[in-house]
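Following: one structure in structure tokens, then a few remarks.
In the text below, chain A, chain B and the rest are named by the order of the sequence lines, each starting its count at 1. Below, each value reflects all heavy atoms present in this structure, side chains not excepted, and no hydrogens, waters or symmetry copies.
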Amino acid sequence: EAGVAQSPRYKIIEKRQSVAFWCNPISGHATLYWYQQILGQGPKLLIQFQNNGVVDDSQLPKDRFSAERLKGVDSTLKIQPAKLEDSAVYLCASSLTGISTDTQYFGPGTRLTVL
Amino acid sequence: AQSVTQLGSHVSVSEGALVLLRCNYSSSVPPYLFWYVQYPNQGLQLLLKYTTGATLVKGINGFEAEFKKSETSFHLTKPSAHMSDAAEYFCAVITGFQKLVFGTGTRLLVSP
């Protein structure tokens with residue numbers, strides 16, 4: 001079974017530029033998550049989708065971050081404009097149903113450096 | 001609010017020695033607890049999880065963890081460390097809002 005795919009793996013941009021990340025979850029998984037992992041910290045949930053609807057985006061900085069999951073499959077996360085403090089690894093994860101005991105499967109992440 | 005605290009940002013062991021990574025949680029409801037491992041430049045992989053039932057949970061790669069309610073702990077152990085165990089380990093808890101909250105991680109260093 002193919003895992004969670006993410007691209008690009010690395011991205012370097014100047015502050016105030018925009019950037020987009022792409023995620024393809026495991027086939028059949030209804031729930032998709034985007035996490036931000038700052039160096040030296042654990043991942044922090046940014047947004048959770050159930051199919052193509054948003055379940056939780058309480059920690060998403062909505063003035064600059066946006067995300068969508070079209071047709072309940074692939075998802076994109078966008079930052080516009082980027083700030084220095086957005087430098088982090090952005091992890092995408094998926095789970096079968098989204099219930100508490102479900103295992104979340106993580107992709108390899110996109111490492112963003114904002115200069 | 002539910003949270004986890006991982007004691008020690010770095011733990012060093014010799015190959016063949018016992019691995020003990022500490023995790024304490026705070027939760028106002030019966031917790032669901034997880035241990036994930038992250039190898040360099042990779043995503044997180046589930047090692048094991050506790051939801052209900054048996055308090056000693058066995059996971060992959062020879063790891064296990066014991067849920068101790070009286071101590072609010074969920075420490076991760078492995079009897080004999082291998083060089084390939086060198087990685088970052090994260091303890092996590094599910095909050096009342098069905099959200100996975102991670103600790104700050106412990107980097108395990110294994111020396112020959």
Does any heavy atom of chain A fall under 4.5 Å from the side chain of [X], the backbone, both, or neither of them?
X: B:F34; answer: side chain
X: B:Q6; answer: neither
X: B:L44; answer: both
X: B:Y50; answer: neither

Step-by-step side chain to side chain contact (heavy atoms under 4.5 Å, CB included) determination, B:Y36 to A:Q104: CA-CA 10 Å; B:Y36 279 85; A:Q104 294 186 26; 3.7 Å; yes
Answer yes or no: is there a side-chain heavy-atom contact under 4.5 Å between [X] and [Y]?
X: A:Q41; Y: B:F102; value: no
X: A:R111; Y: B:N41; value: yes
X: A:Q48; Y: B:K99; value: no

What pairs of donor and acceptor atoms, side-chain ones from residues 51-58 of chain B against any protein atom, are under 3.5 angstrom apart with sequence neighbours left out?
residue: B:K58; atom: NZ; partner: B:E64; partner atom: OE1; Å: 2.8

Could you look at A:Y33 and say if it's the side chain, the backbone, both or neither that has a heavy atom under 4.5 Å from chain B? neither
Heavy-atom nearest pair, B:F90 first then A:Q37, reads CZ-NE2, 3.3 Å
For B:K49 and A:T103, which I'm curious about, is there any donor-acceptor pair between the side chains at under 3.5 Å?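 Side chains of B:K49 and A:T103: pair found under 3.5 Å.
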